[in-house]
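This structure is a prediction, so every number in the text was calculated from the model and none was measured.
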Amino acid sequence: MSLEMLADRVLERPASTSESPPMSADQPFKSSFLRVMQERGYIHQITHPVELDEAATRGAITAYIGFDATAPSLHVGHLIQIMMLRRLQQAGHKPIVLMGGGTTKVGDPTDKDGQRPLLTHDQIQDNIATIKGTFERFLTFGDGPTDAVMVDNDAWLSKFGYVEFLRDYGVHFTVNRMLAFDSVKARLDREQPMTFLEFNYMLMQSVDFLELERKHGCVLQMGGSDQWGNIVNGVELIRRVDQKPSFGLTTPLLATASGQKMGKTVGGAVWLNADMRSPYDYWQFWRNTEDADVGRFMKLFTDLPIEEIARYEAMQGADINEAKKVLANAASTLLHGAQAAQAAAEAARVAFEVGSVSDDMPTYEAPLADLEAGVVLAALAADAGLAASRGDARRLAQGGGLRVNDKVEADANRTITTADLVDGVVKLAAGKKKIVLVKPV
């Protein structure tokens, strides 16, 4: 099929505005990109699956995913999006990392009950600067035809005049249609206010797609399924304004087998920057994966071959723990490098199999004056990230799951002092998998 015929077919069939039913093709894909995406479990919805498959088969395509800079680091919840860009590049296509220097000033209202705190321009740019290094671990950047590029939507969004923006783009969106999207409707159904500022977010995201189509020939936007409405709006805007074909692809919203949101732990978000979450803690996060999730997470978050993953999926009983170590090593190597992953694995072995301490284990710095005066164990465990709260630490202790220097401590109200220091640290452990060294400073 020629490019012109493909374009005509896409343009005559608008993308569905429904956010509920998946739209992936039932038949096997021809392009290596979509075959891998399907095989590894990334695909939830596609606006025009057959036409996208044909475009990806015919030659290199350009695709993007947007990331707002609301914090100095991305977290594990963003990792599936980063891995999609990696799969795209591995299949011979060109990824664009779109940093939301402009959209972060508004805040994505999707799946939120309240407005995000508004950041200043300088805060947003500082966040972008610290986030950049993460993508360099997963993608090859450069000037080549399939090299990744990073762009900031503040470059065009900040240049629009208000009247100009409404005149050129507002005419293509109806309030009726915007209110029908699940991401907006759910917020209003919960009787949570949505500011007019937030309501404009989906227009801004649609204009992003249009700008990238014009400047970089971008034909595909990818994201999580909660972004389906925003993505469809962009596909339709390009169709109406430039009369060109474009596509949208979303992943399933990711949760663990027990239903917990991916990336959330007792200690908070699983950050990707090493200065916000140590390589050891990151390794332990993957090592603590639920049994039922090991194979699925290997497919999504590592480059392990499918055939090898199948062998690990077949493991039962105690053997599954070895598969979890493989997952932790592979995922940590992608983000932090082989040396850091090996150091984390060895630190875990020393801590849990030998019972010793290692410099690569996570640490919590406690004021020396506090330790001299005495700190309640429940408070120290909560502050160190071993428990969600003091109450949680007390329940942990009552169940025999809290240890001080490798000894079970049932009294969470006992005080920890400098007398508990062993080789300059106090070794605290929660359960069998979480250890923190408390160091006086």
Side-chain angles (χ1 to χ4, degrees), residues 22 24-44 46 53 56 65 75-93 95 134 137-140 222 224-225 249-263 265 270 272 279 282-342 344-346 348-349 433:
S24 57
D26 294 329
Q27 70 274 17
F29 291 112
K30 296 182 294 183
S31 65
S32 60
F33 168 57
L34 289 181
R35 283 204 310 271
V36 169
M37 293 285 282
Q38 186 179 56
E39 185 177 43
R40 287 186 171 262
Y42 291 99
I43 298 177
H44 178 59
I46 305 177
D53 190 32
I65 299 177
H75 53 73
V76 163
H78 296 105
L79 191 57
I80 191 169
Q81 318 301 335
I82 299 173
M83 290 301 296
M84 284 203 295
L85 292 175
R86 181 176 176 85
R87 302 296 181 220
L88 180 85
Q89 189 170 52
Q90 288 174 332
H93 304 287
T134 296
R137 293 284 190 180
F138 294 88
L139 303 171
T140 299
M222 300 186 291
S225 60
L249 184 155
T250 63
T251 61
L253 286 182
L254 197 59
T256 64
S258 62
Q260 184 179 10
K261 188 173 182 179
M262 181 66 181
T265 68
V270 182
L272 301 185
Y282 189 76
W283 190 94
Q284 279 293 341
F285 168 77
W286 295 107
R287 170 62 180 82
N288 294 338
T289 296
E290 296 178 32
D291 292 1
D293 289 326
V294 173
R296 182 165 63 110
F297 287 179
M298 282 181 169
K299 292 175 183 176
L300 293 172
F301 301 114
T302 81
D303 286 342
L304 294 171
I306 289 294
E307 297 77 13
E308 183 178 345
I309 293 173
R311 294 199 301 272
Y312 292 120
E313 287 181 305
M315 290 182 173
Q316 301 292 328
D319 290 342
I320 197 68
N321 289 323
E322 293 306 311
K324 292 180 182 181
K325 293 177 184 178
V326 172
L327 168 63
N329 289 336
S332 297
T333 296
L334 280 178
L335 179 63
H336 294 300
Q339 185 174 351
Q342 291 168 5
E346 177 60 17
R349 187 191 70 80
K433 300 176 181 178

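- Pairing each heavy atom of L253 with each of S225, the nearest pair is CG-OG, 3.1 Å.
- With rounding to the nearest 0.5 Å, the separation of CZ in R137 from CD1 in I82 is 12.5 Å.
- Counting only residues at least two apart or on different chains, the salt bridge (charged side-chain N to carboxylate O under 4.0 Å, His left out) pairs with a member in residues 77-91 are R86-D303, R87-D303.
- The CG atom of N329 sits 10.5 Å away from atom CZ of R287, with the distance rounded to the nearest 0.5 Å.
- Using modelled atom types, one side-chain atom of T256 and one backbone atom of Q260 make a donor-acceptor pair closer than 3.5 Å.
- One distance of note links OG of S332 with NZ of K325; it measures 14.0 Å at 0.5 Å rounding.
- Taking the ring-ring contact (aromatic ring centres under 6.0 Å, His included) definition, one finds that F301 meets it with W286, F297, sequence neighbours left out.
- Heavy atoms only, all atoms of each residue included: E290 and A257 are closest at OE1-CB, 3.5 Å.
- Put simply, CD on E308 and CE on M298 are 7.5 Å apart, with the number rounded to the nearest 0.5 Å.
- At a threshold of 4.5 Å between non-hydrogen side-chain atoms, the residues L249 and M37 count as touching.
- Proximity of a side-chain donor or acceptor of K30 to a complementary backbone N or O of D53 within less than 3.5 Å is not detected.
- Contact of the Q342 side chain with the T333 side chain is not registered, since no non-hydrogen atoms from C-beta on lie closer than 4.5 Å.
- Contact between Q38 and I43 at its shortest, heavy atoms only, is N-CD1, 3.8 Å.
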Stepwise side-chain contact (heavy atoms from CB on, under 4.5 Å) test for N321 and M315: CA-CA 9 Å; N321 289 323; M315 290 182 173; over 6 Å; no
H78 and T134: CA distance, side-chain angles, deciding distance, side-chain contact (heavy atoms from CB on, under 4.5 Å) verdict: CA-CA 11 Å; H78 296 105; T134 296; over 6 Å; no
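- Atom CZ of R311 is separated from atom CG of L304 by 10.0 Å, given to the nearest 0.5 angstrom.
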Worked verdict on L300 versus M83 for side-chain contact (heavy atoms from CB on, under 4.5 Å): CA-CA 7 Å; L300 293 172; M83 290 301 296; over 6 Å; no
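- A distance of 5.5 Å separates CG of L139 from CG of L85, quoted to the nearest 0.5 Å.
- Side-chain atoms of Q89 come within 3.5 Å of backbone atoms of T140 as a donor-acceptor pair (strictly under, hydrogens ignored).
- Residues A348 and Q284 share a closest heavy-atom pair of CB-NE2, 3.4 Å.
- The two residues G295 and I309 have their closest heavy-atom pair at O-CG2, 3.7 Å.
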Step-by-step side-chain contact (heavy atoms from CB on, under 4.5 Å) determination, F138 to L272: CA-CA 12 Å; F138 294 88; L272 301 185; 5.5 Å; no
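- Nearest heavy-atom pair across T251 and H44 is C-CB, 3.4 Å.
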